[in-house]
Visitor: 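Below is one structure. I have some questions about it.
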Amino acid sequence: MKMCGMLHRLADDRSGVTLLEFALGLPILLTGGLWAAELTNYSLTNQRLSQVALALADNASRVGLFSGTGTTQLREVDLNDVLLAAKQQGAPFNLTANGRITLSSLENSGGTQRIHWQRCFGAKTGSSFDSHYGKTLQSDGVTYDPTAGINTATSGDNSAQHPGTLAPSGMGESGAQVNAPTDSGVMFVEINYLYTPIVGNGWFTSSKMLRYVASFVVRDNRDYGQVYNPAPAAARATCDLASS
C-alpha cells in the first residue's frame with residue numbers, strides 16, 4: 001500500500017514540468033539562434049565586400065597627380081594608398097588575410113580594349129583567388145607579366161614595350177562585360193574572399209568563395225602611358241606578390 005501511494009504521488013507531481021520543457025526546448029532555441037547569427041553574418045559579409053569593391057573602384061578612378069600639362073599622372077604611391085584604404089575597410093572581417101583584391105586598368109586605345117596593368121593585395125593566391133576576368137600576360141599568353149604598364153628602363157621610357165593584354169570583350173561575366181570608353185579607361189575591381197562560418201564549418205554552411213566586382217570610369221584626363229613611380233620610388237603591389 002505504501003508503495004502504491006508513493007507511485008500515485010509521483011505520478012501527480014508537476015513541480016518539474018517547467019524544467020523539463022526548458023530542457024526539451026533549449027536545443028531548438030539554440031539551433032534557431034545560431035542559424036540566425038550565421039545567416040546575419042553571411043549577409044553582412046556579402047554587403048561589406050560589395051562596398052569595399054565599389055569604394056576601391058571609385059577611389060582608383062579619382063587619384064593621381066596633376067602634371068600641369070592638362071593630364072593627371074597615376075603613381076604607384078596612389079595605388080598603394082587606395083589598396084591600403086580597402087584593406088582598412090575590410091579589416092573587421094580579415095579581408096586581405098582571407099582573400100585577394102585585384103585592381104585592373106581596362107583601357108581603350110583607338111578602339112582596342114586591353115588590360116594595361118594590374119595591382120593586387122591579399123595573402124591568398126592560386127586560381128580561386130586570381131582574377132577570373134583577365135590578366136596581364138607575357139608573350140607566351142600564360143605567364144603573368146608584372147611589368148605591364150611599367151617603365152623598366154634605367155634611362156628613357158620603355159613602357160610601350162609592356163602594353164598589357166588584349167581584352168576584346170572587356171572584363172566581367174559573359175554577356176555583362178565592362179568596356180572602357182574610347183581613349184579612356186575603367187578601374188575594374190575584383191575581390192575573391194574565402195568565407196568561413198562563425199558557427200563551426202559544416203554545421204549550417206561550409207566555407208565558400210565569395211566574389212564581387214565593381215568598376216568606375218576614370219574621372220579625369222589621365223595619362224595612360226604608364227604608372228609613374230618618381231623618387232622616392234614606392235613598392236609596386238604587383239600580382240606576383242602576396243601580402244596581407
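These numbers were taken from a predicted model, which means no experiment stands behind them.
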Visitor: Hydrogens and angles aside, do S104 and Q118 bring a side-chain donor and acceptor to less than 3.5 Å of each other?
Guide: yes

Visitor: Taking all atoms of both residues into account, what is the closest heavy-atom pair of R100 and C120, and its distance?
Guide: NH2-CB, 3.5 Å

Visitor: Spell out, as yes or no, whether a donor-acceptor pair under 3.5 Å connects the side chain of N108 to the backbone of G111.
Guide: yes

Visitor: Is the closest basic N to carboxylate O distance between K135 and D130 below 4.0 Å?
Guide: yes

Visitor: Judged by atom type as modelled, is there a donor-acceptor pair below 3.5 Å linking the side chain of N80 to the main-chain atoms of A235?
Guide: yes

Visitor: Distance alone, cut at 3.5 Å: any donor-acceptor contact between the side chains of S105 and H116?
Guide: no

Visitor: Can any side-chain N or O of N98 pair as donor or acceptor with the backbone N or O of L95 at less than 3.5 Å?
Guide: no

Visitor: Taking all non-hydrogen atoms of both residues into account, name the closest pair between A123 and A242 and its distance.
Guide: O-CB, 3.9 Å

Visitor: Do any N or O atoms from the side chain of N221 and from the backbone of T72 form a donor-acceptor pair under 3.5 angstrom?
Guide: no

Visitor: Identify the heavy atoms of L137 and T165 that sit nearest to each other, and give their distance.
Guide: N-OG1, 2.6 Å

Visitor: Does either side chain, that of N151 or that of Y228, offer a donor lying less than 3.5 Å from an acceptor on the other one?
Guide: no

Visitor: Please determine, by modelled atom types, if N192 and R211 share a side-chain donor-acceptor pair under 3.5 angstrom.
Guide: yes

Visitor: Strictly distance-based, threshold 3.5 Å: is any side-chain N or O of Y224 a donor or acceptor partner for the main-chain N or O of E107?
Guide: no

Visitor: Do Y193 side-chain atoms and F93 backbone N/O form a donor-acceptor pair below 3.5 Å?
Guide: yes

Visitor: Is R219 salt-bridged to D58, cutoff N-O under 4.0 Å?
Guide: yes

Visitor: Which heavy atom in L79 sits nearest to a heavy atom in W117, and how many Å separate them?
Guide: CD2-CH2, 3.6 Å

Visitor: Given 3.5 Å as the limit, does a donor-acceptor pair link the side chain of D157 with the main chain of A153, or not?
Guide: no

Visitor: Distance only, no hydrogens: is a donor on one side chain within 3.5 Å (strictly under) of an acceptor on the other, for T143 and D140?
Guide: yes

Visitor: Please report the closest heavy-atom contact between F188 and S215, naming both atoms and the distance.
Guide: CD1-CB, 4.0 Å

Visitor: Under 3.5 Å, side chain of T96 to main-chain N/O of S244, donor-acceptor pair present?
Guide: yes

Visitor: Under 3.5 Å, is there a donor on one side chain and an acceptor on the other for T152 and N158?
Guide: yes

Visitor: Of all heavy-atom pairs between R222 and V63, which one has the smallest distance, and what is that distance?
Guide: NH2-O, 3.3 Å

Visitor: Do any N or O atoms from the side chain of Y144 and from the backbone of C239 form a donor-acceptor pair under 3.5 angstrom?
Guide: yes

Visitor: Looking only at atom types and distance, does a side-chain atom of Q113 sit under 3.5 Å from a main-chain N or O of A180, one as donor and one as acceptor?
Guide: yes

Visitor: Without hydrogens or angle criteria, can the side chains of E190 and S131 be said to hold a donor-acceptor pair below 3.5 Å?
Guide: yes

